[in-house]
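Heads up: the structure comes next, in structure tokens.
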Amino acid sequence: CPAGSVSPGGSINAESCQCPAGTFGNPPLSNCTQCPARSTSAEGSTGVEDCVCLWGFGVPELAFSRRITSPEQTCAKDGLKFGSVGLSCSEVCSASGRACELFPNP
């Protein structure tokens, strides 16, 4: 596999190469690119859309959604707090029609 990529166990050709967790790309056709700061992705991710902000962070332009949709976006500390693990308050509240309470960032 090209530098910076990995191959699943038992693979026998370069077409099986994939990007490790925290990166995205399509080896051997393209290099693996690091997800934006404070985000990660699963092994084998092919696009920046597969990168997700770490818990407690979100994309400000997308109401602090954790899903990244563009390489120019960054993950910022989410000032919205909610008890559901893995979801920002804005994701939970918009789905249920409730308002979120904004707390200052520590």
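Note that this is a predicted model, so its numbers are computed, not measured.
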Legend entry - R67 side chain vs V52 backbone, donor-acceptor pair below 3.5 Å: no
Inset, instruction - Find out if a path of hydrophobic residues (ILVMFWY) with successive side-chain heavy-atom gaps under 4.5 Å connects V6 to F24. - result: no
Legend entry - Contact summary for S5 and P20, nearest pair of heavy atoms: CA-CD, 4.1 Å
Inset, instruction - Calculate, to the nearest 0.5 Å, the distance between atoms CG and CZ belonging to L54 and R38 respectively. - result: 9.0 Å
Legend entry - Under the side chain to side chain donor-acceptor pair (under 3.5 Å) test, residues paired with S70 that sit two or more places apart: E72
Legend entry - Atom of G22, atom of Q34 and distance for their closest heavy-atom approach: O-NE2, 3.2 Å
Inset, instruction - Work out which heavy atom in P60 is nearest to a heavy atom in G58; give both atom names and the distance. - result: CD-O, 3.3 Å
Legend entry - Exercise: identify the closest heavy-atom pair between K77 and F64: O-CE2, 3.4 Å
Legend entry - Partner residues of C19 under the side chain to side chain contact (heavy atoms under 4.5 Å, CB included) criterion, sequence neighbours left out: T23, P27, C32
Legend entry - From E15 atom CD to C1 atom SG, the distance as rounded to the nearest 0.5 Å: 10.0 Å
Inset, instruction - Show your working on side-chain contact (heavy atoms from CB on, under 4.5 Å) between V59 and T74 and close with a plain yes or no. - result: CA-CA 6 Å; V59 180; T74 58; over 6 Å; no
Legend entry - Side-chain touch F57/S39, heavy atoms, less than 4.5 angstrom: no
Inset, instruction - Measure from the side-chain N and O atoms of S30 to the backbone N and O of N26, and report whether any donor-acceptor pair falls under 3.5 Å. - result: yes
Inset, instruction - Take C53 and I68, measure what side-chain contact (heavy atoms from CB on, under 4.5 Å) needs, and give me the verdict at the end. - result: CA-CA 7 Å; C53 294; I68 296 172; 4.1 Å; yes
